[in-house]
Amino acid sequence: MTEGTTSAAEGADTLTRLEQEGEIAADYLEGLLDIADLDGDIDMDVEADRASVSIISDAGGRDLQKLVGRDGEVLEALQELTRLAVHRETGDRSRLMLDIAGYRAKKRTELSELGAKAAAEVKSTGEPVKLQPMSPFERKVVHDAVKTAGLRSESEGEEPQRFVVVLPA
């Protein structure tokens, strides 16, 4: 077997595994929506080597905001519960990402802009910039934006007060 064939087979296995994670998560979340008597459609995808599941609503998502909570706190908890449901079924740790009513997509855009702005400030002043405490998802988005801007960043502190520091090149 050639190296290209092995890589293609491994890629297909990974995709199949991630799709299975998405299906398990979708079933779990559909049950949750039924119990909570909320309307929402489930959308599954694979993004950046992780399963991605979104709950969307045609009705503007006002009811789904209950599942997002203040500053995404309920969303974070539901994501962890969904990851545990996937783990229970597969025996493997899941890195699944959950979005509800477009909250994470909007947040990703805002955080990318924040990371780019902080990087621009560091480039102009030459001094490190410390940002406010963030969740792991939020820090990851900022780290990616800083890297895209050609700088580096680190996370410092202890949860839940862990924050990003953008450093000069």
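All residue numbers refer to positions in the sequence shown, counting from 1.
- If you take OG1 on T82 and CG on D27, they are separated by 11.5 Å, rounding to the nearest 0.5 Å.
- Taking 4.0 Å as the cut-off between side-chain N and carboxylate O, E21 and R93 do not count as a salt-bridged pair.
- Annotation: side chain of L75 is not in contact with side chain of K107 (no heavy-atom distance under 4.5 Å).
- Hydrophobic cluster membership is shared by M134 and L151, with clusters built from Ile, Leu, Val, Met, Phe, Trp and Tyr side chains linked at under 4.5 angstrom.
- Clustering ILVMFWY residues whenever any of their side-chain heavy atoms sit less than 4.5 angstrom apart, transitively, puts M44 in the very cluster that holds L96.
- V53 is connected to L64 through a chain of hydrophobic side-chain contacts under 4.5 Å among Ile, Leu, Val, Met, Phe, Trp and Tyr, so both are in one cluster.
- Residues S112 and V141 have side chains in contact (heavy-atom distance under 4.5 Å, counting atoms from C-beta outward).
- At most 12 heavy atoms of other shown residues, nucleotides or ligands fall within 6.0 angstrom of atom CG in D37.
- For the residue pair S153 / H143, a side-chain donor-acceptor distance below 3.5 Å is found, with atom types taken as modelled.
- Between P160 and P133, the shortest heavy-atom distance links the atoms O-CB, 3.9 Å.
- Under the salt bridge (charged side-chain N to carboxylate O under 4.0 Å, His left out) rule, R139 has a single partner from E156, E154, E159, which is E159.
- One hydrophobic cluster holds both I42 and Y103 under the rule that ILVMFWY side chains link at heavy-atom gaps under 4.5 Å.
- Between the side chain of S54 and the main chain of I56, no donor-acceptor pair closer than 3.5 Å is present.
- D144 is not listed as a side-chain neighbour of L111, based on a closest heavy-atom distance of 4.5 Å or more.
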Given salt bridge (Lys or Arg N to Asp or Glu O under 4.0 Å), test D13 with R17 step by step and report yes or no.
CA-CA 6 Å; D13 288 346; R17 181 180 52 78; over 6 Å; no
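- The shortest distance between side-chain heavy atoms of L98 and L29 falls below 4.5 Å.
- Counting non-hydrogen atoms of other residues, nucleotides and ligands closer than 6.0 Å to CG of D41 gives a total above 12.
- When all heavy atoms of R152 and P168 are compared, the pair lying nearest together is NE-O, 4.1 Å.
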Step by step, work out the side-chain contact (heavy atoms from CB on, under 4.5 Å) result for T14 and V46.
CA-CA 10 Å; T14 299; V46 174; over 6 Å; no
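- Side-chain atoms of R104 and Q79, non-hydrogen and from C-beta on, do get closer than 4.5 Å to each other.
- Both F137 and L131 are members of a single hydrophobic cluster when ILVMFWY side chains are connected at heavy-atom separations under 4.5 Å.
- Considering every non-hydrogen atom in both V142 and G115, the closest pair reads CG1-CA, 4.1 Å.
- Counting only heavy atoms from C-beta outward, the side chains of Y28 and V86 never approach each other to under 4.5 Å.
- For the pair Q132/Q161, no side-chain contact is recorded, criterion being any heavy-atom separation below 4.5 Å from C-beta on.
- Taken from CZ in R88 to CD1 in I24, the straight-line distance is 9.0 Å, to the nearest 0.5 Å.
- K117 NZ: 12 or fewer foreign heavy atoms inside a 6.0 Å radius.
- A heavy-atom distance below 4.5 Å is not found between the side chains of D63 and D39.
- Looking only at distances, a side-chain donor or acceptor of K123 sits under 3.5 Å from a matching main-chain atom of A149.
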